[in-house]
Student: 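Submitted below is the structure of interest, expressed as structure tokens.
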Amino acid sequence: MLILIINSGSSSLKYQVRDTSQDSVLTEGLIERIGESEVADHAQALDQVEQELGRILGDQTLDAVGHRVVHGGERFGEPVLVNNEITRAIERLNPLAPLHNPANVLGIRAITRKWPNLPQVAVFDTAFHKTMPEHAWRYAIPDELYRKYGIRRYGFHGTSHEYVSRQAAKLLGIGAGDFNGIVAHLGNGASITAVSGGKSIDTSMGFTPLEGLVMGTRSGDIDPSILLFLAREGYSTEDLDQLLNRNSGLKGMTGTNDMRSTQEAADDGDEQAAIALKVAAYRLAKYIGAYHVAVNGAQALVFTAGIGENAWQFRESVVEQLGVLGISLDDAANRKKSSDPREISTEGSSIPVLVIPTDEEAAIAEATAAVVQNHQ
Ligand code: ADP
């Protein structure tokens, strides 16, 4: 099937066209500064996409559109075929993901107007985590806040965690449903998931994508009282939002959100960069210890996304701390550059450490094709 994958942000639209029968990418692109440039809105951005598709596809036609939707709330645990009711349900989740879901809805509506007969599928970033048990998703705050506002852990990066778990199972030669492991998705945003029997049972991102690991610009876990303290010092909610989501993490500690530059700076003797990397690696090592317990003994530890797939120094400094678990890296395998799924641990390591390149677009395309085929 020919699938158009849309990742619609508030001022950007990322797209890819894939042929799922060959698992190939026909074209891809990114339209930025929507609303600020000659591209006035998402509908105009789609006009551009349509022109590009005309050039590439000739007389072939699209079979479906798959949307990356950030928040599926408590309702969506699976990809769904979009109709008006589903679109409104996604829109009702806007308060939970104010930057993302409105943009996703704009993308869906723009496609509906342009190609009313083309099936659309929503694939949710939260869906994989819907299997978390209540003791993992509950915060220890009054139940009223959950009932009134839906405050609970949702988790994100689900499409990637699920895809990578399946690929890891394949590499280990077991069924996806037999996989017990720990998956660390380390990109600009970063999260780690405890996977048991192929299902998410805990994950480090929470009510929003701010909780958990040290990220490019996000703090991850901090004492919530810091916010109260700063509020009393005169910080507004907007200031705090900027601080924790955009000016913290690696950027807050070193001035750059980029792992490669941070590593280069540390290699050149920059102490701020070195301590930032240590904070990030230590945080991740602690989560790995915790999730080893959560899954009752992981069968594998998996690294993925930009940092997980490429930053061998960072992997090394994380796994160095896991000696007590008997996990060790093969230095040459860890340093080797490759874009293949691979094992990087020693023969004697208690469990394999894997690097599995993530491919969220491939996962969205597959999920979209499956949903559309089920409805035919
Ligand atoms: P996003 O969340 O934006 O999709 P990516 O998964 O692309 O992010 O990851 C971006 C991060 O990966 C950046 O911090 C970048 O520095 C890091 N990265 C990419 N390539 C390398 C590399 N060769 N070595 C170290 N870090 C890398």
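For ligands, and for the atoms within them, numbers begin at 1 and follow the listed sequence. Only heavy atoms go into these numbers, but all of them, side chains included; no hydrogens, no water, no symmetry mates. Please read these numbers as outputs of a predicted model, since none were measured by experiment.
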Student: Please write down residue, atom name and distance for the protein heavy atom closest to atom 22 (C) of ligand 1.
Tutor: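 Checked against all protein heavy atoms, atom 22 (C) of ligand 1 sits closest to N310 CB, 3.2 Å.
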Student: Is any side-chain heavy atom of I192 closer than 4.5 Å to a side-chain heavy atom of S204?
Tutor: yes
Student: When you measure from atom 11 (C) of ligand 1 to every protein heavy atom, which one gives the shortest distance, and what is it?
Tutor: I307 CG1, 3.7 Å
Student: Which of the numbered atoms in ligand 1 are below 4.0 angstrom from a heavy atom of A305?
Tutor: 6 (O)
Student: Give the residue, atom name and distance (to 0.1 Å) of the protein heavy atom nearest atom 16 (O) of ligand 1.
Tutor: D258 OD1, 2.8 Å
Student: So which heavy atom in the protein is nearest atom 7 (O) of ligand 1, and how far is it from that ligand atom?
Tutor: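 Protein heavy atom with the smallest distance to atom 7 (O) of ligand 1: G306 CA, 4.3 Å.
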Student: Return the OG to CD distance between S236 and Q242, rounded to the nearest 0.5 Å.
Tutor: 9.0 Å
Student: Touching ligand 1 at all, G189? Heavy atoms, strictly under 4.0 Å?
Tutor: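 Flag set, G189 near ligand 1.
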Student: If I take atom OG from residue S345 and atom CG from residue L354, how far apart are they, to the nearest 0.5 angstrom?
Tutor: 6.5 Å
Student: Taking only heavy atoms of G187 into account, list the atoms of ligand 1 that are under 4.0 Å away from them.
Tutor: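 Taking each heavy atom of G187 in turn, ligand 1 has 2 (O), 5 (P), 6 (O), 8 (O), 9 (O) under 4.0 Å.
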Student: Using the salt bridge (charged side-chain N to carboxylate O under 4.0 Å, His left out) rule, pick out the option among R138, R152, K148 that qualifies with D143.
Tutor: R138
Student: Per the ring-ring contact (aromatic ring centres under 6.0 Å, His included) rule, what does the pair list look like for residues 195-239, sequence neighbours excluded?
Tutor: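 Of all non-adjacent pairs touching residues 195-239, none passes ring-ring contact (aromatic ring centres under 6.0 Å, His included).
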Student: Using 0.5 Å steps for rounding, measure from the CG atom of L244 to the CZ atom of R218.
Tutor: 11.5 Å
Student: Tell me, which pairs form a salt bridge (Lys or Arg N to Asp or Glu O under 4.0 Å) where one or both residues lie in residues 263-287, sequence neighbours left out?
Tutor: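 Listed once each, the pairs would be none.
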Student: Determine if the distance from atom 4 (O) of ligand 1 to the closest protein heavy atom is below 4.0 Å.
Tutor: no
Student: Which protein heavy atom lies closest to atom 1 (P) of ligand 1, and at what distance to 0.1 Å?
Tutor: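 The closest one turns out to be N188 N, 3.7 Å.
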Student: Which of the listed options, R260, E360, E264, holds the heavy atom that is closest to atom 20 (N) of ligand 1?
Tutor: R260
Student: Any idea which protein heavy atom is nearest atom 14 (O) of ligand 1, and the distance to it?
Tutor: M259 N, 2.9 Å
Student: Decide side-chain contact (heavy atoms from CB on, under 4.5 Å) for R315 and V355; before the verdict, give the C-alpha distance in whole Å, the side-chain angles of both, and the deciding distance to 0.1 Å.
Tutor: CA-CA 10 Å; R315 290 193 300 251; V355 175; 3.7 Å; yes
